[in-house]
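Take a look at the structure below.
Just so you know, these numbers come straight off a predicted model, no measurement behind them.
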Amino acid sequence: MKLTDKILLKVSAAILGTVATVATQKLLASGWEFVTGEEPPEPGDPEVSAGAAFSWVLASAVGYGLSQLAVQRATARMTTKRGGLPKAHPLQFKI
């Protein structure tokens with residue numbers, strides 16, 4: 001893989017990650033407001049109930065995790081299509 005292709009892939013991955021993060025933030029906040037009718041809570045605020053704080057943290061973790069997985073898979077496909085990393089093969093150990 002040429003140096004320009006490597007740089008292009010890294011820049012593309014950074015842009016894709018940034019866009020995915022912003023979109024995930026907006027989607028999570030909108031979803032929370034749609035379901036609860038309130039803005040997302042600040043988990044560290046002592047005035048916020050523990051249930052609301054835990055629910056928001058759990059929803060955020062799942063949302064960001066799925067977003068991160070999607071970005072990683074997309075960049076892996078881009079890399080493979082450009083002749084970069086070969087497809088992964090599972091490790092096999094003999095004991």
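Residue E42 comes nearest to V48 through the heavy atom pair O-CG2, 3.6 Å, listed as atom of the first residue, atom of the second, then distance.
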Table please: side-chain donor-acceptor pairs of residues 51-74 below 3.5 Å, with sequence neighbours left out.
residue : atom : partner : partner atom : Å
S55     : OG   : G51     : O            : 2.7
S60     : OG   : W56     : O            : 2.9
S67     : OG   : T24     : OG1          : 3.0

Name the atoms and distances for all side-chain donor-acceptor pairs under 3.5 Å in residues 31-38, with sequence neighbours left out.
residue : atom : partner : partner atom : Å
W32     : NE1  : T36     : OG1          : 3.3
T36     : OG1  : W32     : O            : 2.7
T36     : OG1  : E38     : N            : 3.2
T36     : OG1  : E38     : O            : 3.3

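Clustering ILVMFWY residues whenever any of their side-chain heavy atoms sit less than 4.5 angstrom apart, transitively, puts I7 in a cluster other than the one holding L16.
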